[in-house]
Amino acid sequence: MLDKRYDPKKVEEGKYENWKSKGYFTAGDKTKNPFSMVIPPPNVTGKLHLGHAWNTTIQDITARYKKLRGYDVLWLPGMDHAGIATQAKVEAKLRKEGISRYDLGREKFLEKAWEWKAEYANNIHEQWAKMGLMLDYTRERFTLDEGLNNAVLHVFKTLYDKGLIYRGERIINYDPELKTALSNIEVVYEDDKGKFYYFKYDVVGTNESLIVATTRPETMFGDTAVFVNPEDPRYKHLIGKKVINPANGEELPLMADSYVDIEFGTGAMKCTPAHDPNDFALAKKYDMPFIRCMDLDAKMNEIAGKYQGMDRYECREALVKDIEASGHLVKIEDIVHPVGHSERSGAVVEPYLSKQWFVKMRPLAEQALAKSSVEFIPERFRDTFRQWMENADDWCISRQLWWGHRIPAYYNDETGDVIVSDKPVNLPGYHQDEDVLDTWFSSALWPFATLGWPEKTPDFERYFPNSLMVTAYDIIFFWVSRMIFDSLEFTKESPFEKCLIHGLIRDAHGKKMSKSSNNGIDPIDVINTYGVDALRYFLTTGSAPGQDIRYIEEKVIASSNYLNKIWNSARYVLETVGEDFKPFKIDPSKLGLLEKDILTKLNNTIKNVSIYMDKYEYSLASTYLYNFVYDDFCSTYLEMSKVTLNNSDEEYRNIVKNVLVTVLRAIIIMIYPFAPFIGEELYLSLPTHLESIMLEVFPSEVEVGQYNATAVDTLYKMISDIRNYKVSNKLAPNAKVNLLVATKDEDLISLKDHLSRFSFAKSLGFIETSDNSGVKFVYDNATMYLLDDTSDEEKALKKQKDIEFYKNEIARSEKILSNENFLAKAPKEKVELEKAKLEQYRAKLEELLK
RNA sequence: GGAUGUUUAGCUCAGCUGGGAGAGCAUCUGUUUGACGUACAGAAGGUCACAGGUUCGAGCCCUGUAGCAUCCACCA
């Protein structure tokens with residue numbers, strides 16, 4: 001027997017290990033159609049947060065549902081080495097021990113990183129198990145494993161041979177703390193407080209000077225020109241002359257280009273080609289030199305003269321002081337301006353001219369835009385993808401790190417030769433590039449490389465392209481778009497058929513969860529308090545696809561209450577039918593009205609749940625199920641069954657029990673993808689069951705046939721009206737009442753026991769034609785009189801209220817039906833429906849007025 | 001500067017091709033009715049941001065305005 005209360009801890013215990021050991025998670029049944037997903041590989045940097053919980057729950061619901069639907073489901077797990085992120089963490093850990101990565105050297109450092117990976121992979125496995133994820137661990141992959149590594153080398157070499165990967169000098173975003181290049185999207189812009197320095201530049205050969213403003217004075221040593229707009233009347237006459245750089249006294253040409261905004265600052269701009277991407281472009285245009293005045297550690301170099309060796313900020317301070325002393329400082333303004341920070345280290349990014357590896361984006365992006373067949377859900381995210389693709393700059397893929405795929409380029413310093421090879425090169429005089437690849441270079445191959453590509457493995461043949469990818473919208477640029485263009489380039493197919501996009505999870509006030517605001521919620525805490533099923537249900541219901549959700553504890557509690565409701569309804573059914581009960585095939589001809597009614601509602605629920613599950617609209621699917629469970633099953637049929645079971649013979653009692661079990665079984669299987677643990681527990685309590693709910697199939701509709709639904713509706717309305725009447729007349733809920741029902745509906749009369757029980761009827765009579773005593777309730781197929789000591793006044797009041805109601809309804813209906821345009825243009829069914837309603841209202845009013 | 005989302009009950013949110021506004025929580029009234037007080041029976045609560053338009057009919061479609069949020073690009 002089930003416990004009185006649903007206890008998540010007890011219910012969850014042992015189930016996951018059992019499923020796993022029985023091999024239920026392992027794909028490969030060739031008799032079925034495949035359905036495949038790969039998990040977005042979490043970084044091996046730390047704990048999984050609620051966002052992961054949400055993301056993986058959506059996938060798990062999908063996997064379990066598709067399995068119920070008879071698919072051979074492959075959900076492939078794996079993790080990402082997360083180059084920068086992990087290396088930053090490992091370095092931070094070492095730093096606490098007083099060691100730098102250089103103390104250890106590459107080999108030893110990588111050993112430490114692998115140790116780190118092992119520890120965190122273990123944490124992640126534990127969390128996946130807690131979440132109940134149906135992952136096929138026999139196929140688990142890691143972005144740095146041998147297979148992925150081969151795929152990465154193959155891709156690098158192929159793109160290189162095609163000219164789609166090149167090495168070049170460009171301005172890149174440099175993280176001086178982690179000492180590595182970053183790609184554009186690894187830079188986050190924040191509004192920082194800064195200063196705007198106005199300096200006076202003397203114009204050579206004149207008495208004039210002009211004022212140039214900058215936020216980064218320390219880069220003045222790398223300046224090669226000052227630019228103004230050619231149309232700027234203030235400076236027009238000076239164009240072509242030289243000005244003196246107040247930082248070092250050197251002469252700079254005063255040049256003109258329409259790029260310069262007349263309105264901004266002083267309208268005169270210094271040009272630092274090696275330290276600013278826009279200046280770099282200008283310098284290219286005018287064939288100017290690129291002068292680096294800083295080293296990679298953000299310290300000034302020999303170009304800066306006496307400032308050499310200073311940190312960039314130190315230099316800034318000293319230089320400004322010196323310029324002020326020379327009388328060339330005009331003013332300093334406090335400003336707030338966007339400053340690029342490294343996503344991982346937070347360091348202020350330094351635009352820096354250096355030699356890096358790049359992926360040439362245009363050809364790949366155009367192919368992706370032209371050929372991608374990925375269907376985004378919701379559709380609007382296709383535009384997000386498109387917009388980024390259309391504007392994507394070349395992708396800087398080299399990182400000056402150790403943790404990652406080492407770039408397979410080999411240099412001969414003497415000859416200047418470069419060999420790119422997917423096999424190790426051991427030629428004398430050659431040495432391998434020290435850098436590794438951007439972590440996203442390998443994740444971009446995830447959907448196919450995890451299946452064995454570039455080999456044509458059976459898994460690749462069978463499970464690629466993936467059926468579905470599930471991820472949050474913030475990762476479309478980083479990952480989704482790159483998977484799509486790499487997949488199209490290398491497999492000639494889109495990596496997945498559909499891409500389901502969800503939002504971000506926020507705190508109760510709508511703020512982004514983050515470490516800095518300390519508002520993060522650990523999913524494990526939630527699971528320990530309310531159970532994983534409640535968390536899963538909360539995460540995937542009550543929200544629309546693609547929208548953000550807020551974590552609200554009350555909602556998790558509500559979810560838990562709902563599961564408890566299902567638990568207790570199961571308890572009632574199982575206690576009622578008994579352990580020895582043997583369910584049998586339903587014979588529609590033997591069903592009673594109420595049985596037909598609940599089964600019909602079940603059929604509708606199965607239909608709707610299926611429709612929305614198939615469309616990945618889990619929130620809507622769950623709403624239909626919820627309403628059925630609460631209103632139709634628990635509050636109504638289940639209560640009715642108590643009366644039926646008391647008042648019928650053995651054969652009919654068995655039919656009712658059979659219906660109870662049938663409905664319960666369907667509910668359990670439908671809720672199970674959302675709440676697998678309680679689903680399994682209840683399923684295994686059913687009188688007959690398979691070894692596990694994981695082997696079940698989705699419930700199908702039950703043959704019921706036609707029945708008098710009006711009679712059932714009227715019964716439920718009567719009960720509701722009587723309850724309502726008692727409350728509004730301050731009668732106790734169990735106050736006895738005398739009822740008289742005027743009806744010719746034999747089916748309604750056959751339900752008299754239920755009416756009697758739920759109205760606490762003292763007496764209940766049936767008559768053929770209407771009477772005129774008591775408080776009157778009018779239905780489609782009956783009129784009910786409540787005969788008790790209510791005063792005539794109250795009776796009249798109630799009657800007046802009803803009459804008014806119907807009069808209003810009739811007026812509304814007549815108005816619509818007198819509109820010729822409505823009659824002419826609205827669909828016929830709508831018109832007929834309205835006419836039928838009007839007729840009913842009139843009949844009821846007439847009955848009321850008798 | 002470009003783009004997207006959002007505005008519906010006190011709060012958090014659903015509302016799927018246009019056809020009589022919904023849920024959970026909170027509030028109020030009742031209830032030892034034979035699974036569930038993590039419950040039951042009821043009640044109250046909304047000019048669906050605003051202004052136009054299309055339509056027989058608009059929370060839903062179109063245009064505009066405003067607030068809130070997010071993303072992209074960024075000015076030296």
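Letters A, B, ... mirror the listed sequences (proteins, then strands); counts begin at 1. In this text the structure is predicted, and so the values were computed from the model without any measurement.
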Is A/K4 near enough to B/rC36 that one of its side-chain N or O atoms lies under 4.0 angstrom from OP1 or OP2? yes
Strictly below 4.0 Å, N to O, side chains only: are A/D334 and A/K193 in salt-bridge contact? no
Under 4.0 Å, counting only non-hydrogen atoms across every strand here, what does A/T272 touch: a base, just sugar-phosphate, or nothing? nothing
Only pairs with both distances under 3.5 Å count, Watson-Crick or wobble alike; so what is the partner of B/rA43 in this structure? B/rU27
Any strand, both distances under 3.5 Å, Watson-Crick or G-U wobble: B/rA73 pairs with none
Of the options B/rA35, B/rG20, B/rU12, whose atoms approach the side-chain atoms of A/I552 most closely? B/rU12
Side-chain N or O of A/K512 less than 4.0 angstrom from OP1 or OP2 on B/rC71? yes
Using a strict threshold of under 4.0 Å (side-chain N to carboxylate O), is an ion pair present between A/R216 and A/E350? yes
Pick base, sugar-phosphate or nothing for A/N646, based on heavy-atom distances below 4.0 Å to the nucleic acid. base
Take a 6.0 Å sphere around CD of A/E820 and say whether it holds more than 12 heavy atoms from other residues, nucleotides or ligands. no
What integer distance in Å separates A/I566:CD1 from B/rA35:C1'? 13 Å
A/R550 side-chain N/O to B/rC13 phosphate OP1/OP2 under 4.0 Å: yes
Phosphate oxygens OP1/OP2 of B/rA76: is one of them under 4.0 Å from a side-chain N or O of A/H337? yes
Heavy atoms only, 4.0 Å cut-off, all strands: where does A/N819 land among base, sugar-phosphate and nothing? sugar-phosphate
Nearest whole Å is fine: how far is B/rG19 P from A/L817 CG? 18 Å
Going by distance alone, is a donor N or O of one side chain under 3.5 Å from an acceptor N or O of the other, for A/D548 and A/Y473? yes
Going by purine N1 to pyrimidine N3 plus the second Watson-Crick contact, or the G-U wobble pair, all under 3.5 Å, which nucleotide sits opposite B/rC56? B/rG19
Shorter than 3.5 Å, N or O on both sides, protein versus nucleotides 39-47 of chain B: list them out with atom names.
{"from": "B/rA39", "atom 1": "OP1", "to": "A/N561", "atom 2": "ND2", "distance (Å)": "3.3"}
{"from": "B/rA39", "atom 1": "O3'", "to": "A/K565", "atom 2": "NZ", "distance (Å)": "3.2"}
{"from": "B/rC40", "atom 1": "OP1", "to": "A/K565", "atom 2": "NZ", "distance (Å)": "2.7"}
{"from": "B/rA43", "atom 1": "OP1", "to": "A/N724", "atom 2": "ND2", "distance (Å)": "3.2"}

Compare side-chain N and O positions of A/R380 against OP1 and OP2 of B/rU4 and report whether any pair is under 4.0 Å apart. no
With distance as the sole criterion, is a donor-acceptor pair present between the side chains of A/Y235 and A/N229 under 3.5 Å? no
